[in-house]
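Only one structure is covered here, and it is reproduced in the block below.
Reminder, nothing fancy here: chain letters follow the sequence lines and each chain counts from 1. The structure displayed is predicted, hence computed values, not measured ones.
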Protein chains: 2
Amino acid sequence: MTSSSELENAALQAAKFERVREAHKTEVAEDYVELIDDLINVNGEARVVELAERMGVSHATVNKIVGRLQREGLVVSRPYRSIFLTDEGREMAVEARRRHEIVVKFLKAAGVSPETAEIDAEGIEHHVSDETLDCLSALTGKIEI
Amino acid sequence: MTSSSELENAALQAAKFERVREAHKTEVAEDYVELIDDLINVNGEARVVELAERMGVSHATVNKIVGRLQREGLVVSRPYRSIFLTDEGREMAVEARRRHEIVVKFLKAAGVSPETAEIDAEGIEHHVSDETLDCLSALTGKIEI
DNA sequence: CTGAATTTGTAGCCATGGCTACATTTATTG
DNA sequence: CAATAAATGTAGCCATGGCTACAAATTCAG
C-alpha cells in the first residue's frame, strides 16, 4: 500500500509528512523540558552550562532555546538565575519521560542492547502515537513472559 | 539509568542528542529521495508539482530542497525538466524504503492500526539503527507465528 | 501557431537551531 | 575586598526549510 507499485492518495501522504514536521517542532521543547526536570530533581536546579553540556551544544544555543520555551510558557527564567518549569512544562516533562521509558523498555525487551536502546529511543519517542505506545507496552509484557 | 534518580554521564547523553540532530539532517533527504523513486517507478518521472503536492509543501520549498539534494549528489535535475536520482540517491531510496517497510510491518504485527502504523513509521524510520531494525524484523516473525 | 494554462524558477521574507566572539554579571579565592 | 574565574547574556553570522509573490518557460488548446 505504501509505495512500490501503487501510489497512495496524495493528500494522505502529505498529511503524514505534515505530522512529522509538526512533531519536529515539539521535539526540542520536550528534550529540554525533560532534561531540565531531571536536573532539578537531581541537582536541585537547572543551569545553562549544564544544559549545554548535556545537550552537546553551546551555551548560546541553550539561551536561545530557553528564550523560546519561556515565550511558549513552558519555562521561567530570570537573568543569571537557574531555570524553572511551569506547570505546563512539568506536565510535558512527565509525559516525555513516560514515552521515553516505554520505548526503551520495549526495545530492550525486543533484544536491543541497552546502549542502542537508549540512543534509538531518543529519536523514536517523539514520533510514537498513543495507540502505538499502548501496543508497545502490551508487547513488552508479552515478550517478558 | 536514564533519568529519574541518577543522571547519566553528560558526554554520553550529549552524544545521543548529537545523533538525533544528525539523523534530522538526513531525514528530509531520505523522504524526498524515496518519494522521487516512487514517482519515477509509477509515473515514469518525478516532477516538482507532484513532489510538492505529496510532501504537502509549496513548490518553492521543493525547489530549494531539490537544489540541496543536487549539491549533495543524490539527484540530478535540469531547469524545467523532471528529476532523476543518482546511483547514490537510488541506494538511499532503496534503503529508506526497506527501513520503512520493516517498521510498518512490525507496527501492524504489534497490533497498531494500518493508518497509524503508516503515520508513526514515517517519523520512526529515520531513527532506527540497524541493530534495532534486525530485532524488529525478528519480533515481527515471532508475533505472526 | 498563438494565447492561455500550467509548471518551474527566483527573490525575499520568517523562525529555528547551530556557531563564535565579546560583554556583563555572579561566584570564588587569595 | 579586590582580582580572577566561571556563568550568563547578547550580537551577529550561517544553513535549513517553511512561505508568498512575481517572472519565465513549457505545454496544451483552439
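As rounded to whole Å, 11 Å separates atom C1' of C:dT6 from atom CZ of B:Arg47. When the C1' atom of C:dG17 is taken as reference, atom NE2 of B:His24 falls 11 Å away, rounded to whole Å. Distance A:Ile83 CD1 to D:dT8 P: 8 Å, rounded to the nearest Å. Taking atom NZ of residue A:Lys25 and atom C1' of nucleotide D:dG17, one finds them 11 Å apart after rounding to whole Å. Regarding A:Glu45, its CD atom lies at a distance of 13 Å from the C1' atom of D:dT8, rounded to whole Å. Spacing between atom CG of B:Asp31 and atom C1' of D:dG17 amounts to 13 Å, rounded to whole angstrom units. Atom-to-atom, CG of A:Leu51 to P of D:dT8 comes out at 9 Å; the value is rounded to the nearest Å. Protein atom CD of A:Glu27 is 13 Å distant from nucleotide atom C1' of C:dT16, rounded to whole Å.
Under the 4.5 Å side-chain contact rule for hydrophobic residues, B:Phe17 and A:Ile119 do not share a cluster. Residues A:Phe84 and A:Val62 are members of separate hydrophobic clusters, defined by side-chain heavy-atom contacts under 4.5 angstrom among Ile, Leu, Val, Met, Phe, Trp and Tyr. B:Val94 is not connected to B:Leu39 by any chain of hydrophobic side-chain contacts under 4.5 Å among Ile, Leu, Val, Met, Phe, Trp and Tyr, and they are in different clusters.
No donor-acceptor pair under 3.5 Å is formed between the side chain of A:Arg90 and the backbone N or O of A:Asp37.
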Below 3.5 Å between N/O atoms, which protein atoms pair up with nucleotides 19-26 of chain C? Just atom names and distances, please.
| from | atom 1 | to | atom 2 | distance (Å) |
| --- | --- | --- | --- | --- |
| C:dC19 | OP2 | A:Ser58 | N | 2.7 |
| C:dC19 | OP2 | A:Ser58 | OG | 3.1 |
| C:dC19 | OP2 | A:Thr61 | OG1 | 3.0 |
| C:dT24 | O2 | A:Tyr80 | OH | 3.3 |
| C:dT25 | O4' | A:Tyr80 | OH | 3.2 |

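Using a 4.0 Å heavy-atom distance criterion, B:Val28 is classed as a sugar-phosphate-only contact.
For C:dG18, neither phosphate oxygen OP1 nor OP2 lies less than 4.0 angstrom from any side-chain nitrogen or oxygen of A:Arg68. For A:Asn63, no side-chain nitrogen or oxygen approaches OP1 or OP2 of D:dT8 to under 4.0 Å.
Between B:His24 and B:His127 there is a side-chain heavy-atom pair separated by less than 4.5 Å.
For the atom pair A:Leu69 CG and A:Glu30 CD, the distance stands at 11.0 Å (nearest 0.5 Å).
Shown here are the side-chain contact (heavy atoms from CB on, under 4.5 Å) partners of A:Glu18, two or more places apart in sequence or in another chain: A:Arg21, A:Glu22.
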